[in-house]
Every structure is written in C-alpha cells, then in structure tokens.
Amino acid sequence: MIICRTKEDLKRQMAAYRKVGASIGFVPTMGYLHEGHASLMRKSKEQNEITVLSIFVNPLQFGPNEDLDRYPKDEARDLALAESNGVDAVFLPSVAEMYPTKPLTSLMVAQITDRLCGASRPGHFDGVGLVVSKLFHLVAPDRAYFGMKDAQQVAVIQQMVSDLDIPVEIVPCPIVREPDGLALSSRNVYLSAEQRSQAVVLSQALKHASDWYQEPGMNAERLQAKVKLHISKASDAVIDYVELLHYPNLDALSQTKPLTDDSQPLLLALAVKFGATRLIDNCLLERTEVQDYVQNDDEIEAAPGHGYGSEPELCR
C-alpha cells in the first residue's frame with residue numbers, strides 16, 4: 001500500500017495508474033476508520049482495479065464551537081485497516097498541504113443544503129463541496145463511494161457532480177450498524193456508557209416509522225411527531241431535527257396529505273444530541289420496496305453488522 005502525503009506525490013501515483021488503464025475507485029474519509037468505511041473500501045475493490053482512500057479532517061466543514069480540535073485520530077490504526085481491506089494508495093495530507101493559502105473560492109450547492117444539517121450547521125456543505133471537488137480533481141476517480149448515513153451529503157455531492165460535469169460516478173452505500181442498531185460513526189467514541197445505551201433509540205425510531213408509515217391516513221406531521229415522541233423517551237436525547245422530505249431533492253412535502261398519495265421516495269432524517277455528541281441517522285421510505293425487502297430479511301442475518309437497508313437503506 002502506497003502512502004502519499006503531498007498533492008504532487010498523489011498526482012504522480014494517479015498518473016501511473018492511469019497510464020496502465022486501471023479503473024480507480026475513491027473513498028474519501030476524515031479518518032478514525034470503522035467498519036462502515038471498510039465496507040466502502042470493499043465495494044470499491046469489487047468494482048475497480050485500484051482503490052484510493054483519503055484521510056483528511058477538513059477544517060472548512062466545521063463551524064464555530066464544533067469538534068474540529070478534538071475530532072478523533074489514529075493514523076496507525078487507520079492505515080492498518082485500509083491495508084487489510086486491500087486499499088492500494090492512501091492520501092494523507094496536512095491542512096497546509098490542502099490549503100497552502102486561505103481559500104478564496106466557495107463551492108455552494110443551493111436549495112438542498114437549506115434543510116437538515118445544512119440549516120443546523122451553516123457553511124458546512126460549502127466546506128464539504130470545496131474539499132470533495134479538490135479531491136476529485138486530484139484523484140480523478142472513475143467511481144467514488146459515500147455512505148448513506150449522511151444522505152444529505154450524498155445528495156449534495158451528486159448534485160455538484162452533475163452541475164459541474166465532473167466525470168465520476170457517485171456510488172451510495174448502505175449504512176453499517178452495530179448489532180444493536182446504532183449507526184457506526186467516528187463520533188460514537190465520544191458517548192458515555194449511558195449515552196451509548198440510550199442512542200439505540202434512533203435506529204429503533206426509524207424501524208417503528210416504517211410500520212407507522214403503512215398506517216392508513218398517516219401524514220408527515222403525525223409521523224414526525226411519533227418519531228420525536230419515541231426519541232424523547234431517552235432522557236439524554238436532545239432533538240435537533242426530525243424531518244420527512246422527498247429524496248434526493250430534499251423538497252418539502254405536504255404535512256397533512258396522506259403519505260400514500262405521495263409517489264416519490266421519502267427520506268426520514270434525524271439529528272439528535274446526547275450530551276455534546278451530535279448523531280445523525282436516516283432511512284428511505286418506499287412502500288412497495290419496503291414490503292419486498294421485509295420478505296428478504298434473511299439477507300440481513302447473512303451480513304452481521306450491516307444495516308437494515310439495501311442501497312440506499314430502507315426503513316423496516
């Protein structure tokens with residue numbers, strides 16, 4: 001496995017891969033890797049001859065009073081996990097390497113960043129857009145892999161790639177979960193034992209939502225209220241948002257119209273704080289595919305640790 005710490009080293013390595021005509025898959029991360037990241041690496045290995053991983057904690061996507069300074073890091077463990085999952089090259093730049101001068105260019109995707117984490121974390125997706133665009137230009141991958149745990153981020157990047165005609169296929173991958181349902185996240189390490197035990201309420205609420213969604217006459221207002229009520233049973237939970245939106249455009253839907261009358265895929269997304277730790281989770285609600293997936297539940301048991309979804313994840 002090759003480690004590149006400068007943009008010039010990365011460019012030379014990518015040129016060597018392209019010279020032999022190798023297909024390239026790319027997994028951008030902020031490090032402190034876990035099984036969710038590993039699943040992206042494995043997917044890339046299945047679909048490409050070369051897999052490139054980046055590890056970079058991007059300061060531009062952190063707002064004031066967020067956890068930039070304490071974001072968890074473990075380079076040695078990250079590199080071992082990458083190598084064990086067949087990664088061919090890792091890009092590990094410093095902040096000074098990525099941003100030798102203060103960036104004067106802004107990359108903003110409008111409308112779909114007005115809701116959810118875009119509303120709660122102003123400027124967050126501007127920072128995501130800029131760094132992902134830089135990485136795409138440096139790596140020039142055929143495919144790039146992103147987990148659906150941050151479904152809004154996937155939608156933003158897909159829109160950016162479409163609008164700018166960046167020649168890369170975005171591959172959304174399922175959420176990976178702990179056996180008790182908690183979505184894997186680098187930030188889970190912040191949780192106390194009590195907060196960790198309470199945090200499973202998020203995935204439980206999403207699973208209940210699939211049943212509530214099937215109820216005759218159920219509408220967005222009632223469904224969101226039921227999800228909030230369930231999450232509120234956890235004493236440490238402080239809800240940032242629970243929203244049901246069309247996906248991937250994240251348009252609002254009627255709060256009172258029966259959900260059965262809406263033919264578009266719906267994203268049920270939530271963000272909840274446990275102490276100082278903010279966790280996000282989501283799933284898609286699609287009536288006919290939910291029913292098909294439930295009939296195939298044995299596939300979940302065949303893949304321990306993986307979420308209850310296909311690509312992208314469906315509530316069940």
Side-chain angles (χ1 to χ4, degrees), residues 1 23-57 72-75 77-92 128 132 135-136 139 141-158 168-189 199-200 202-203 206-207 247-248 267 269 279-284 289 293 296-316:
M1 187 175 72
S23 59
I24 299 169
F26 178 44
V27 181
T29 80
M30 293 206 302
Y32 209 70
L33 305 178
H34 51 63
E35 177 58 27
H37 299 110
S39 72
L40 305 182
M41 301 175 213
R42 291 192 293 269
K43 188 69 173 179
S44 176
K45 291 295 291 183
E46 290 174 10
Q47 297 184 340
N48 306 279
E49 295 163 291
I50 295 294
T51 291
V52 178
L53 176 84
S54 68
I55 299 174
F56 178 62
V57 180
K73 299 178 179 69
D74 191 334
E75 181 179 304
R77 193 192 72 168
D78 287 351
L79 292 176
L81 183 64
E83 189 162 26
S84 69
N85 282 278
V87 169
D88 298 284
V90 178
F91 182 41
L92 249 171
V128 170
V132 171
L135 290 168
F136 283 172
V139 177
D142 297 283
R143 301 174 186 87
Y145 299 81
F146 293 86
M148 277 297 292
K149 186 171 74 70
D150 194 337
Q152 185 175 22
Q153 175 175 267
V154 173
V156 168
I157 291 169
Q158 288 176 321
V168 59
E169 177 189 351
I170 303 302
V171 183
C173 297
I175 298 172
V176 179
R177 299 180 180 276
E178 298 282 3
D180 63 2
L182 181 67
L184 289 180
S185 169
S186 299
R187 289 184 168 96
N188 288 351
V189 70
V200 297
L202 306 185
S203 58
L206 292 174
K207 288 197 289 185
Y247 194 79
L267 175 74
L279 302 180
I280 60 173
D281 206 342
N282 73 81
C283 67
L284 289 185
E289 293 190 26
Y293 188 75
N296 202 22
D297 238 2
D298 58 328
E299 293 182 2
I300 302 169
E301 297 175 2
H306 285 67
Y308 10 87
S310 55
E311 294 189 20
E313 183 177 21
L314 301 177
C315 295
R316 72 168 177 87

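Source: prediction; values computed, not measured.
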Test log, rule side-chain contact (heavy atoms from CB on, under 4.5 Å), inputs Met41 and Leu53: CA-CA 8 Å; Met41 301 175 213; Leu53 176 84; 4.2 Å; yes
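- Although no hydrogens or angles enter the test, the distance criterion places no donor-acceptor pair under 3.5 Å between the side chain of Asp88 and the main chain of Val52.
- In terms of heavy-atom proximity, Ala183 sits nearest to Asn188 at O-ND2, 3.1 Å.
- The backbone N or O of Glu49 lies less than 3.5 Å from a partner atom in the side chain of Ser23, making a donor-acceptor pair.
- Ile55 approaches Gly31 most closely through the heavy-atom pair CG2-CA, 3.6 Å.
- In summary, of the residues considered (Asn48, Thr29, Thr51), a side chain to side chain donor-acceptor pair (under 3.5 Å) with Tyr145 occurs for Asn48 alone.
- Minimum heavy-atom separation, Ala155 to Pro248: CB-O, 3.5 Å.
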Evaluate Ile280 against Gln152 for side-chain contact (heavy atoms from CB on, under 4.5 Å), listing each step before the verdict. CA-CA 11 Å; Ile280 60 173; Gln152 185 175 22; over 6 Å; no
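- Under the 4.5 Å side-chain criterion, counting only non-hydrogen atoms from C-beta, Val154 is in contact with Met148.
- At least one donor-acceptor pair under 3.5 Å links the side chain of Ser186 to the backbone N or O of Tyr32.
- The distance from atom CD1 of Ile170 to atom CZ of Phe26, rounded to the nearest 0.5 Å, is 10.0 Å.
- A donor and an acceptor atom, one from each side chain of Asn282 and Tyr247, are nowhere located under 3.5 Å apart.
- With contacts defined as side-chain heavy-atom distances shorter than 4.5 Å, the pair Glu178/Ser203 does not qualify.
- The minimum heavy-atom distance between Val27 and Ser44, with the atom names listed, is CG2-CB, 4.3 Å.
- Rounding to the nearest 0.5 angstrom, the gap separating the CG atom in Leu202 from the CG atom in Asp281 is 6.0 Å.
- With hydrogens and angles disregarded, no donor-acceptor distance shorter than 3.5 Å links the side chain of Asn85 to the backbone of Arg42.
- Expressed to the nearest 0.5 Å, how far OG of Ser185 lies from CD1 of Ile175 amounts to 11.0 Å.
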Check the pair Met1 / Val90 against side-chain contact (heavy atoms from CB on, under 4.5 Å), numbers first and verdict last. CA-CA 7 Å; Met1 187 175 72; Val90 178; 3.7 Å; yes
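- The CE atom of Met30 sits 10.5 Å away from the OG atom of Ser54 when rounded to the nearest 0.5 Å.
- Within the 4.5 Å cutoff, the side chain of Phe146 has heavy atoms near those of the Pro28 side chain.
- Rounded to the nearest 0.5 angstrom, Glu83 CD and Asp78 CG are separated by 13.0 Å.
- Contact detail for Ala144 and Val168: the closest heavy-atom pair is N-CG2, 3.8 Å.
- Between the side chain of Arg143 and the backbone N or O of Gln47 there is at least one donor-acceptor pair closer than 3.5 Å.
- Scanning all heavy atoms of the two residues, the minimum distance from Leu184 to Gly36 falls at CD1-N, 3.5 Å.
- Rounded to the nearest 0.5 Å, atoms CG (Leu79) and CG (Leu81) are 9.5 Å apart.
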